[in-house]
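Beneath this line is the structure, given in structure tokens, with notes to follow.
As the structure lists them, so they are numbered: ligands from 1, and atoms in each ligand from 1.
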Amino acid sequence: MSDNQDTSEPGEIHGLWSSQFAFVLAATGSAVGLGNIWKFPYITGQNGGGAFVLVYLFCILLIGIPVLMCEVLIGRRGRRSPAESVKRLAQEAGAKPAWQAIGWFGVLAGFLILTFYVVIAGWAVAYVYFTATGRFSGATGEEVGAFFGAFTGDASKLLTWGTLVLIGTMIIVGNGVQKGLERAVRFMMPGMLGLLLVMVGYAMNTGEFAHGMKFLFQPDFSALTANGVLVALGHAFFTLSLASGAMLTYGAYLPKDASITRTVVFVAIADTVVALLAGMAIFPIVFSNGLEPGAGPGLIFVTLPIAFGQMPYGTIFGTLFFTMLSLAAITSAISLIEPAVAWLVERTRLSRVRACVISGVAVWVFSLGTVFSFNHWSELTVSGKTFFDALDYLTANIMLPLGGLFVCIFTAWILSTKVTREELALGDSPVYSVWLFTIRFLAPAAILIVFLNAVGILNFDS
Ligand code: TRP
């Protein structure tokens with residue numbers, strides 16, 4: 001062991017990944033999810049396309065990747081649940097244990113995200129059933145849209161499917177993350193990629209592929225607002241599962257000899273490729289069917305079924321696609337609750353199973369708010385936002401960027417460069433200096449500027 005104060009053996013409490021590859025699978029499983037295939041296309045549609053995508057890519061590169069490195073580093077050094085790891089590192093650095101609040105804040109964000117995540121994952125699972133039973137064969141855009149409206153309008157259906165997802169997730173987490181997860185991700189990732197390529201192939205034949213590509217990749221900055229920039233930043237955090245303790249917790253199970261930089265870069269690339277492919281599949285379908293790119297959270301559910309209803313073997317492709325989407329969602333949902341469960345196990349005398357039951361029930365109760373946002377409470381809005389919209393905004397656009405800011409500050413200014421150098425093991429490579437400069441100055445400044453600009457304290461627009 002090195003001369004740090006890590007007195008516990010790695011994996012003493014929670015176990016370790018079997019290899020670096022297992023960590024990459026799990027981290028990719030966490031990152032790739034509804035955020036890539038459901039959320040990225042609809043927020044891109046709502047924020048005008050190309051310019052938004054460009055800003056999003058910048059955020060991934062400039063902020064997402066460096067912060068992801070920070071989180072994995074803290075986790076691996078601390079070997080505990082988020083708050084405990086941060087506390088141990090703060091103590092090692094001679095700083096106040098209050099820094100552990102970063103961990104708390106992240107666990108809370110993850111919990112809140114999960115309360116809506118399970119509901120949307122429920123849609124994906126329901127759509128496996130709908131496509132498999134041929135519900136969309138030959139359906140027009142209008143019919144598919146009406147079907148989606150009726151489905152989300154029925155609270156009991158959303159509740160049933162959401163509950164199913166939640167129970168499934170908690171069973172996996174209860175059995176320990178390592179076992180089920182590795183296997184699920186191993187076949188899900190190539191499958192997802194293959195099916196997305198099929199969808200892009202379909203999109204190429206819609207006659208509107210060029211239009212879709214232009215929308216995605218030709219920046220029109222007049223379409224982008226200050227708020228849109230914040231949404232792009234928030235989504236960079238969301239899609240990489242940052243600032244919620246998820247990656248930090250997974251880092252805690254990472255073997256000492258694994259390369260943090262290499263694994264992190266791989267995860268970020270895989271995540272970005274999936275999101276862009278989803279966009280390339282969806283927007284041509286939007287335009288060729290006269291749909292609205294800014295249609296909102298239902299976007300993939302009102303576009304993709306049209307394609308499945310029309311293409312050869314659409315029932316099979318559709319069923320497979322929504323199955324993959326459901327799996328991708330579940331491997332992400334696992335990472336949203338794992339930090340809370342890890343903490344309960346560490347801190348109380350509860351067994352892993354009991355800890356899962358308690359967290360699961362809590363998530364279920366709060367998920368009702370999102371379920372009702374699409375039906376009974378759809379008229380109940382605060383400045384145009386339903387409960388779901390508000391929860392999404394609060395978590396992705398406020399809590400995650402702020403949490404990320406503190407992760408940066410803690411890693412850059414509290415931890416010694418000796419510790420970070422040792423963990424990243426980059427030797428004399430300039431990559432270390434670039435990373436350090438980024439998390440010391442660039443990323444915090446960018447987060448603050450985007451944030452303050454969007455809330456209107458600094459208004460560069462006027
Ligand atoms: N990244 C996942 C997605 O894009 C969602 C997710 C998993 C997440 N864990 C997270 C988002 C932690 C924020 C924080 O679907």
Side-chain angles (χ1 to χ4, degrees), residues 25-44 56 59-60 63-65 67-68 71-72 75 81-82 102-124 165 169 172-173 177 181 184-185 188-189 192 231-251 264 267-279 297 300 324-342 359 363 391-404 407:
L25 284 177
T28 312
S30 168
V32 176
L34 294 172
N36 306 65
I37 293 167
W38 161 74
K39 196 173 178 191
F40 171 74
Y42 94 74
I43 56 177
T44 297
Y56 159 76
C59 290
I60 293 281
I63 302 170
I65 292 177
V67 172
L68 183 48
E71 294 203 10
V72 177
S81 65
I102 296 178
W104 291 120
F105 192 69
V107 171
L108 180 64
F111 174 86
L112 292 176
I113 290 171
L114 188 61
T115 69
F116 72 77
Y117 207 85
V118 290
V119 177
I120 314 295
W123 300 0
V165 169
T169 305
I172 298 176
V173 176
V177 168
L181 200 70
V185 183
M188 181 203 86
M189 285 305 301
M192 188 85 236
V231 174
L233 173 72
H235 189 62
F237 282 103
F238 186 92
T239 195
L240 291 177
S241 307
L242 294 175
S244 63
M247 291 300 186
L248 204 152
T249 307
Y250 281 6
V264 158
V267 171
I269 291 176
D271 188 78
T272 307
V273 167
V274 172
L276 294 179
L277 284 178
I300 67 161
M324 295 291 168
L325 181 61
S326 306
L327 282 174
I330 287 174
T331 56
S332 299
I334 290 169
S335 76
L336 282 163
I337 200 66
E338 173 68 16
V341 171
S359 356
V363 170
L391 191 60
D392 174 43
Y393 198 87
L394 170 72
T395 50
N397 302 342
I398 299 175
M399 294 183 79
L400 299 186
L402 282 184
V407 168

Any side-chain heavy-atom pair from [X] and [Y] closer than 4.5 angstrom?
| X | Y | result |
| --- | --- | --- |
| V107 | P82 | yes |
| L34 | K39 | no |
| I43 | H235 | yes |
| I63 | L233 | yes |

Relative to the heavy atoms of [X], which atoms of ligand 1 are at a distance of less than 4.0 Å?
| X | value |
| --- | --- |
| Y117 | 2 (C), 3 (C), 5 (C), 15 (O) |
| I113 | 13 (C), 14 (C) |
| L34 | 15 (O) |
| S244 | 12 (C), 14 (C) |
| S335 | 7 (C), 9 (N) |
| T239 | 1 (N), 4 (O) |
| A31 | 1 (N), 2 (C), 3 (C), 4 (O) |
| L242 | 14 (C) |

query = Do any N/O atoms on G35 end up under 3.5 angstrom from N/O atoms on ligand 1?
reply =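 Checking ligand 1 against G35, an N or O pair does fall under 3.5 Å apart.
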message = With respect to F238, determine whether any N or O atom, backbone or side chain, lies less than 3.5 Å from an N or O atom of ligand 1.
response =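 Checking ligand 1 against F238, an N or O pair does fall under 3.5 Å apart.
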ask   = Taking it one step at a time, do F40 and T239 satisfy side chain to side chain contact (heavy atoms under 4.5 Å, CB included)?
value = CA-CA 8 Å; F40 171 74; T239 195; over 6 Å; no
Whether N397 side chain and L394 backbone form a donor-acceptor pair below 3.5 Å =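 Answer holds: no.
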message = Tell me every residue that passes side chain to side chain donor-acceptor pair (under 3.5 Å) with S30, counting only those two or more places apart in sequence or in another chain.
response =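 Applying side chain to side chain donor-acceptor pair (under 3.5 Å) to S30 gives S241, S335.
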request  = Note the single closest protein heavy atom to atom 6 (C) of ligand 1, along with its residue, its atom name and the distance in Å.
outcome  =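 Here the nearest protein heavy atom works out to S241 OG, 3.5 Å.
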